[in-house]
Amino acid sequence: MPELPEVETVCQALRDTTTGEKIVSVWNSGKTMRWPIPENLGEQISGAVITGIRRRGKYVLMDLEVTERPSLTMLIHLGMSGSVRITALNREEDKRAEGEKPHDHLVLMTRDGTKGKSGHHVVLNDPRRFGGIALCRKGDEIHHPLLKTMGIEPLGNAMNGPFVHEAMAAKKTSIKAALLDQRIIAGIGNIYASEALFRAGISPRRQARNIGPERAGRLAHAIVDVLKDAIADGGTSLRDHVQPGGEIGYFVQRLDVYGRDGETCRRCGGQVRMIRQAGRASFYCPSCQR
DNA sequence: CTCCTGACCTGAGTGC
DNA sequence: TGCACTCAGGTCAGGA
């Protein structure tokens, strides 16, 4: 499910609501997600203060300050079907926000210590359990096996035409498959790979090594633009994804090609086509994209 | 090394 | 209505 814009939306919501709050209780389902939930997760993070929320690729990073112990960072990946629900706890209502739902795997109850206010319920829900939770010492996350091979942040300073040109020159696969490779550019998934290629006018079937400097420049711009536009719209809601407050992401209305097989190309009036590459659907307009 | 396929899971949708 | 089947926003272990 969630690609960079959806994960960024989750991060922003967590940052706005829970920064500075203390985790007062932790529950987990005990079910194995992509890998087992860390043992003693509850013991490790109970009492911790959430000092920051960051994002790396499609991972949410939650920084936790624990008294008398080294600070921690919790890594959360949402897999295909993961979502986060945040609900405000209300003291008058006995601090009960809502009950547990099917496929909830982690529930954090927080409290705003400084203002003596009630905090939030933060719930990770993931029906397919392709997501996962990991814990490491803060500062070690760059060396964590899940993150250490990850490529550049597309919204960071390293993203530009020359980078894309050089990175793709070495790849024997299609440009579409290469965009999904998190070791090159982190955070792009199946929706935004198709959308970025449409905006750049590049066929998903083109070999990555045949992306010249000019196309690479257009592609770099297209990636940045489409990701920013999607973040501004709260991401793309298809099946499972909703924003942490329950709102849907409206970028689905702005998709030019993804999920539009047989429909009319908004640029040329031709027909959007779906093909299968590396086991995944790609959508494109054969006349706009070369 | 690189690249591709299949496996991991559940739920929604489709066609008979 | 029920059943069999396909497909889905991601990743990674295997094998070629």
Side-chain angles (χ1 to χ4, degrees), chain A residues 1-11 29-37 55-60 75-84 101-105 124-134 144-151 154 167-197 204-205 207-209 223 226-227 229-231 233-244 248-262 274-283:
Chain A
M1 154 201 119
E3 306 180 33
L4 186 152
E6 293 74 39
V7 177
E8 181 61 29
T9 300
V10 166
C11 285
S29 65
K31 293 219 178 104
T32 295
M33 302 180 70
R34 184 149 236 297
W35 57 88
I37 294 173
R55 181 189 55 71
R56 179 76 175 101
K58 298 174 192 170
Y59 285 85
V60 178
L75 317 187
I76 301 173
H77 197 285
L78 300 176
M80 288 275 266
S81 59
S83 62
V84 171
K101 298 193 170 164
H103 310 301
D104 284 351
H105 292 104
L124 172 63
N125 183 280
D126 185 0
R128 294 176 73 181
R129 285 185 272 131
F130 287 173
I133 303 165
H144 193 284
L146 292 167
L147 301 188
K148 70 179 178 195
T149 61
M150 195 163 276
M168 296 306 168
K171 307 300 287 181
K172 282 200 83 174
T173 31
S174 66
I175 183 62
K176 166 68 179 347
L179 287 178
L180 295 180
D181 186 343
Q182 303 298 298
R183 296 167 304 180
I184 306 173
I185 302 169
I188 301 173
N190 210 33
I191 296 177
Y192 299 108
S194 281
E195 293 298 313
L197 288 169
R205 318 167 71 137
Q207 291 291 296
R209 65 211 303 195
I223 289 167
V226 75
L227 295 177
D229 287 352
I231 291 168
D233 273 1
T236 300
S237 292
L238 295 184
R239 286 153 281 276
D240 311 301
H241 179 71
V242 288
Q243 295 182 57
I248 62 164
Y250 289 99
F251 194 73
V252 63
Q253 299 170 5
R254 302 203 201 293
L255 295 176
D256 287 317
V257 287
Y258 185 87
R260 299 191 65 238
D261 185 29
M274 178 176 85
I275 56 173
R276 198 153 278 275
Q277 295 181 288
R280 318 215 43 201
S282 293
F283 299 86

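In what follows, every chain begins at residue 1, and chains take the letters A, B, ... in the order their sequences are listed.
- Panel note: side chain A:Q182, backbone A:G57; no donor-acceptor pair is recorded below 3.5 Å.
- At whole-Å resolution of the value, CG in A:D261 and P in C:dT6 are 18 Å apart.
- Screening A:D261, A:D256, A:I191, A:N190 for a side-chain contact (heavy atoms from CB on, under 4.5 Å) with A:F283, the sole residue that qualifies is A:D261.
- Residue A:H103 has a polar side-chain atom (N or O) positioned under 4.0 Å from OP1 or OP2 of B:dG11.
- Checked against C:dT11, C:dA8, B:dT10, the side chain of A:H77 finds its nearest nucleotide in C:dT11.
- Panel note: side chain A:K176, backbone A:A208; no donor-acceptor pair is recorded below 3.5 Å.
- Neither OP1 nor OP2 of B:dC8 sits under 4.0 Å from any side-chain N or O of A:R129.
- The backbone N or O of A:L255 sits nowhere less than 3.5 Å from a side-chain atom of A:E195 that would complete a donor-acceptor pair.
- Of the candidate nucleotides C:dG10, C:dC7, B:dG11, C:dC7 has the atom nearest to the side chain of A:R276.
- Between A:L78 atom CG and B:dC9 atom C1' there is a gap of 16 Å when expressed in whole angstrom units.
- By the salt bridge (Lys or Arg N to Asp or Glu O under 4.0 Å) test, A:R254 pairs with A:D233, sequence neighbours left out.
- Comparing the P positions of C:dG14 and B:dC9 gives an interatomic distance of 15 Å, to the nearest angstrom.
- Look at CG on A:L146: it is 11 Å from C1' on C:dC12, rounded to the nearest Å.
- For the pair A:M80 CE and C:dT6 P, the interatomic distance rounds to 17 Å; values are reported in whole Å.
- Of the side-chain N and O atoms in A:Q182, none sit less than 4.0 angstrom from OP1 or OP2 of C:dG10.
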Strand DNA chain B in bracket notation, Watson-Crick/G-U under 3.5 Å with | for pairs to another chain: .|||||||.|||||||
Protein and nucleotides 1-4 of chain B: nitrogen or oxygen contacts under 3.5 angstrom:
{"unit_1": "B:dC3", "atom_1": "OP1", "unit_2": "A:K172", "atom_2": "N", "d": "2.5"}
{"unit_1": "B:dC3", "atom_1": "OP2", "unit_2": "A:K171", "atom_2": "NZ", "d": "3.0"}

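- At a threshold of 4.5 Å between non-hydrogen side-chain atoms, the residues A:Y192 and A:I223 do not count as touching.
- For the pair A:M33/A:H105, a side-chain contact is recorded, criterion being any heavy-atom separation below 4.5 Å from C-beta on.
- Here B:dT10 presents its C1' atom at 11 Å from NZ of A:K31, a figure rounded to the nearest Å.
- B:dC8 has A:F130 stacked on its base ring, the centres lying under 5.5 angstrom apart and the planes within 30 degrees of parallel.
- Considering all non-hydrogen atoms of both residues, A:A186 and A:R56 come closest at CB-NH1, 3.9 Å.
- Between the C1' atom of B:dC8 and the CG atom of A:D126 lies a distance of 12 Å, rounded to the nearest Å.
- Atom pair A:M33:CE and B:dC9:C1' shows a separation of 11 Å (rounding to whole Å applied).
- Checked by distance alone, A:R128 brings a side-chain donor or acceptor within 3.5 Å of a matching partner on the base of B:dC9.
- At least one donor-acceptor pair closer than 3.5 Å links the side chain of A:S81 to the backbone N or O of A:R128.
- Atom CD1 of A:I184 and atom P of C:dT11 are 13 Å apart (whole Å).
- In this structure, A:Q243 contributes its side chain and A:I248 its backbone to a donor-acceptor pair below 3.5 Å.
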